[in-house]
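Report on the structure given below.
In this text the structure is predicted, and so the values were computed from the model without any measurement. Just so you know, ligand 1 is whichever comes first in the structure, and atom 1 is the first atom listed for that ligand.
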Amino acid sequence: MTRSAWLALSFLIAAPLAANDDISDDRRQELHNLLIQDCGSCHGLKMRGGLGPALLPDMLQGKSADYLSSVILYGRPGTAMPAWRPLLSPAEAHWMADQLLQGVAQ
Ligand code: HEC
């Protein structure tokens, strides 16, 4: 195998493991602001609900970060929940789902 093929292969193996750690501190701050301002416009500034349902850890009990991040990425067709795929990578949506499960720090 060529050197570049090895590099590509090791990237494929390492990428999923590194997924959440690849997000810079600056980007985390942007994502946090997006959660409060954009998501908060429907889900409430404190995630207590509004046009969209409350997204507090208690309400999300039993739902996985994978499930929640796919709702964030693809939205819920036929409802007001938009798809965020154009703005967020899967790793970023996953990070946001983790934040919701832990409770978004104010
Ligand atoms: C324009 C309004 C609106 C915005 C903005 C919005 N949502 Fe939603 N969201 C909704 C609605 C309405 C639902 C419920 C859809 C349904 O009836 O299934 C929902 C559902 C969800 C769910 C599924 C909850 C569950 O228990 O299954 C998650 C997770 C979610 N939103 C996260 C987000 C995040 C994160 C953002 C910001 C990136 C966001 N939403 C922005 C309206 C919105």
Atom indices of ligand 1 within 4.0 angstrom of Tyr67 heavy atoms, with elements: 27 (O)

Leu68: numbered ligand 1 atoms lying under 4.0 Å from its heavy atoms: 29 (C)

Minimum-distance pair of heavy atoms, taken over all atoms of Trp95 and Arg28: NE1-NH1, 3.3 Å

Where ligand 1 meets Asp38 - atom numbers and elements under 4.0 angstrom, heavy-atom basis: 5 (C)

Side chain proximity check, Pro90 to Arg85, heavy atoms < 4.5 angstrom: yes

Smallest separation among heavy atoms of Ile23 and Ala91, with atom names: CD1-O, 3.7 Å

Asp38 side chain near Asn33 side chain, heavy-atom distance below 4.5 Å: no

Atom indices of ligand 1 within 4.0 angstrom of Thr79 heavy atoms, with elements: 15 (C), 16 (C), 17 (O)

Protein N, O or S atoms under 2.8 Å from atom 8 (Fe) of ligand 1: 2

Lys63, any N or O under 3.5 Å of ligand 1 N or O: yes

Return a table of donor-acceptor pairs under 3.5 angstrom between the side chains of residues 47-66 and protein atoms on other chains or two or more places apart.
| unit_1 | atom_1 | unit_2 | atom_2 | d |
| --- | --- | --- | --- | --- |
| Ser64 | OG | Tyr67 | N | 3.0 |
| Asp66 | OD1 | His94 | NE2 | 2.9 |

Nearest non-hydrogen partners of Ile36 and Leu45, listed with the distance: O-CD2, 3.4 Å

Closest contact, heavy atoms only, Met96 versus Leu31: CE-O, 3.8 Å

Smallest separation among heavy atoms of Gln99 and Leu35, with atom names: CB-CD1, 3.9 Å

